[in-house]
Amino acid sequence: MSHGWMQLAPYGFDEQTGLLTYLDRLSSGRVLEYRIREASGGVNVEAGRGLSATERAELRHRISWMLGLDMDFSEFYSEARREPKLSRAEKKAQGRVLRCPTLFEDVVKTILTTNTLWGATRRMTANLVAQFGEPLPEDASRKAFPTPERLARTTEARLRRETRLGYRAPYILELARSIASGALDLEVLKAGRLTTSELRKRLLAIKGVGNYAAANLLVILGRYDYLPIDSWALKMVSNEWHAGRPVTPVEVEAAFASWGKWKGLAYFVWDWSELKD
DNA sequence: GGTAGACCTGGACGC
DNA sequence: GCGTCCAGGTCTACC
């Protein structure tokens, strides 16, 4: 819950019951819904019946990635004990950032967060899913996130008209087409073989991904050396340490510099003071 | 390498 | 009802 991904389609979250849902399309082409609940020692997932062994293995792999189930934060927690503003991190098992099964989806969603309001990000994502996603067999009104191949077949004009992506439409289209054609492989970036600096270069090479978006994606990839400094970060740092005076990205960097390779994570789970009116 | 200016969209705000 | 501003930034042209 450290960022808003659970509010973006095809994720759904019920605050009353704590049920997290997600509509996914497996490589077999099967579209299904994951119903994920917290359980003792892990999570419980319902995902329909009649899955093959291959599909079950893929599903397990994808959900494990989405929830970061194999991530180890013990080193960060050890550092965080010296900072009261991070004291709840270990107790609440914070650090995991909800992510999508494919990096393609995370990149698209990150581009849709830029230069707009959160409500518009939600709307653009919902439009993309509704217009280009593959439907759930038992309820055609509910759909998975569109594949690069499906988006690659549409036109910029249709993207602009039907999803209201605005100037972001050509970025999303170019990304989808590069992946669909095989020219770009984003999934390989998850393997952890590249240095953070090299990973950042690859992300910045994507049209529509700048410093903020790259840093946000690095956090999603488990690299915390860069801060995703957006207008919200400027506002929160201003309120936290500068009595509401406007601050620059340099001052945001300075505020978290002492956290070194953990600074992106410290920023994400920081217990921010209430904004003053 | 640093920096204006343009960029879709739609909600908030002032008049 | 209308015009302006701006938001969880980025790109391009220009210096």
Side-chain angles (χ1 to χ4, degrees), chain A residues 1-9 11 13 97-100 104-132 151 154-178 184 186 197 199-221 223-224 226-242 244 246-253 255-256 263-275 277:
Chain A
M1 299 174 90
S2 333
H3 69 164
W5 256 215
M6 64 184 181
Q7 297 173 22
L8 298 180
Y11 269 114
F13 183 66
V97 171
L98 185 64
R99 42 197 181 183
C100 302
F104 166 67
E105 186 177 333
D106 278 323
V107 173
V108 169
K109 287 177 172 174
T110 299
I111 291 174
L112 298 190
T113 65
T114 58
N115 195 28
T116 193
L117 298 169
W118 179 245
T121 300
R122 293 181 70 175
R123 186 173 50 250
M124 287 186 275
T125 310
N127 288 343
L128 260 185
V129 170
Q131 296 297 327
F132 299 100
L151 284 178
T154 192
T155 62
E156 184 186 323
R158 190 178 164 206
L159 257 190
R160 283 180 183 260
R161 188 175 64 244
E162 299 188 5
T163 60
R164 315 305 287 168
L165 296 188
Y167 68 88
R168 303 169 194 83
Y171 300 156
I172 304 301
L173 197 55
E174 183 179 323
L175 176 65
R177 286 180 175 164
S178 330
L184 176 67
L186 281 183
S197 164
L199 206 46
R200 180 167 178 269
K201 266 189 218 160
R202 301 278 187 100
L203 293 168
L204 287 172
I206 300 168
K207 276 259 183 70
V209 174
N211 287 334
Y212 158 76
N216 189 58
L217 288 162
L218 283 173
V219 170
I220 282 174
L221 287 166
R223 308 292 181 94
Y224 311 107
Y226 294 87
L227 287 174
I229 301 174
D230 52 16
S231 55
W232 188 83
L234 296 173
K235 194 190 302 180
M236 298 313 281
V237 168
S238 160
N239 182 61
E240 190 84 7
W241 291 290
H242 300 275
V247 299
T248 64
V250 174
E251 288 164 297
V252 177
E253 283 288 343
F256 287 94
K263 62 183 173 186
L265 198 51
Y267 163 79
F268 251 81
V269 303
W270 195 260
D271 186 11
W272 298 98
S273 305
E274 289 260 339
L275 278 172
D277 291 330

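Values in this document were obtained by computation on a predicted structure and should not be read as measured data. Just so we're on the same page: letters track the sequence lines, and every chain starts at 1.
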K.L.:
Look up atom CG in A:Leu199 and atom OH in A:Tyr226, then write down how far apart they are to the nearest 0.5 Å.
P.N.:
10.0 Å
K.L.:
How far does CG of A:Leu151 sit from CG of A:Leu128, to the nearest 0.5 angstrom?
P.N.:
6.0 Å
K.L.:
Report the distance from atom OH of A:Tyr171 to atom C1' of B:dC8, rounded to the nearest whole Å.
P.N.:
11 Å
K.L.:
If you measure from the ring centre of A:Trp118 to the centre of the six-membered ring in the base of C:dG8, is it under 5.5 Å, with the planes under 30° apart?
P.N.:
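Taking the rule of under 5.5 Å and under 30°, the ring of A:Trp118 does stack on C:dG8.
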K.L.:
Let's test your reading of the pairing rules: Watson-Crick or G-U wobble, both distances under 3.5 Å, then write DNA chain B as a dot-bracket string with ( ), [ ], | and dots.
P.N.:
|||||||.|||||||
K.L.:
If you measure from the P atom in B:dG5 to the same atom in C:dG8, how many Å do you get, rounded?
P.N.:
24 Å
K.L.:
Do A:Trp5 and A:Asp106 have side-chain N/O donor and acceptor atoms under 3.5 Å apart?
P.N.:
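Short answer, yes.
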K.L.:
If you check every side-chain atom of A:Asn216, which of C:dG8, C:dT10, B:dT9 has the closest atom?
P.N.:
C:dG8
K.L.:
Would you indicate what A:Ala233 reaches in the nucleic acid, counting non-hydrogen atoms under 4.0 angstrom: base, sugar-phosphate, or nothing?
P.N.:
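Here A:Ala233 touches no strand at all.
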K.L.:
Contact class for A:Leu159 vs. all strands (heavy atom < 4.0 Å): base, sugar-phosphate, or nothing?
P.N.:
nothing
K.L.:
Tell me whether the side-chain N/O atoms of A:Ser231 come closer than 4.0 Å to OP1 or OP2 in C:dG9.
P.N.:
yes
K.L.:
Distance check needed: B:dG10 P versus A:Met124 CE, whole Å only.
P.N.:
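Going from CE in A:Met124 over to P in B:dG10 covers 9 Å.
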K.L.:
Would you kindly give the CD1-to-C1' distance between A:Ile220 and C:dG8, to the nearest whole Å?
P.N.:
13 Å
K.L.:
I need the A:Arg122 CZ to A:Leu112 CG distance, nearest 0.5 Å.
P.N.:
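Atom-to-atom, A:Arg122:CZ and A:Leu112:CG are 13.5 Å apart.
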K.L.:
Let me see the working for A:Arg123 and A:Asn127 under side chain to side chain contact (heavy atoms under 4.5 Å, CB included), right down to the final yes or no.
P.N.:
CA-CA 6 Å; A:Arg123 186 173 50 250; A:Asn127 288 343; 4.0 Å; yes
K.L.:
Would you classify A:Thr113 as touching base, sugar-phosphate or nothing, given that sugar-phosphate means primed atoms plus P, OP1 and OP2, and contacts are heavy atoms under 4.0 Å?
P.N.:
sugar-phosphate
K.L.:
Rounded to whole Å, how long is the line connecting atom CZ of A:Arg168 with atom C1' of C:dG8?
P.N.:
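After rounding, the gap between these two atoms is 11 Å.
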K.L.:
Going from CD on A:Gln131 to CZ on A:Arg158, what distance comes out if it is rounded to the nearest 0.5 angstrom?
P.N.:
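With rounding to 0.5 Å, CD (A:Gln131) is 6.0 Å from CZ (A:Arg158).
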K.L.:
If the P atom of C:dC11 is compared with that of B:dG10, how far apart are they to the nearest Å?
P.N.:
22 Å
K.L.:
Would one find a side-chain N or O of A:Arg160 under 4.0 angstrom from OP1 or OP2 of B:dC8?
P.N.:
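Affirmative; the distance criterion is met.
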K.L.:
Could you give me the CA-CA distance, side-chain angles and deciding distance for A:Val107 and A:Val209, then say whether side chain to side chain contact (heavy atoms under 4.5 Å, CB included) is met?
P.N.:
CA-CA 8 Å; A:Val107 173; A:Val209 174; 4.1 Å; yes
K.L.:
Nearest-Å distance, CG (A:Leu234) to P (C:dG8)?
P.N.:
11 Å
K.L.:
Is any NZ, NE, NH1 or NH2 atom of the basic residue among A:Lys263 and A:Glu253 found under 4.0 Å from an Asp or Glu carboxylate oxygen of the other?
P.N.:
yes
K.L.:
Just the rounded figure in Å: distance from P of B:dA6 to NZ of A:Lys207.
P.N.:
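Going from NZ in A:Lys207 over to P in B:dA6 covers 20 Å.
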K.L.:
Using atom CG of A:Asn115 as one end and atom C1' of B:dC8 as the other, report the distance to the nearest whole Å.
P.N.:
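It works out to 9 Å between those atoms.
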K.L.:
Is there a side-chain contact between A:Arg164 and the phosphate of B:dG10, meaning an N or O under 4.0 Å from OP1 or OP2?
P.N.:
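True: A:Arg164 side-chain N/O within range (under 4.0 Å) of B:dG10 OP1/OP2.
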K.L.:
Taking donor-acceptor contacts at under 3.5 Å, does the side chain of A:Tyr167 reach the base of C:dG9?
P.N.:
yes
K.L.:
What is the distance, to the nearest angstrom, from the CG atom on A:Leu112 to the P atom on B:dC8?
P.N.:
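To the nearest whole Å, that distance equals 15 Å.
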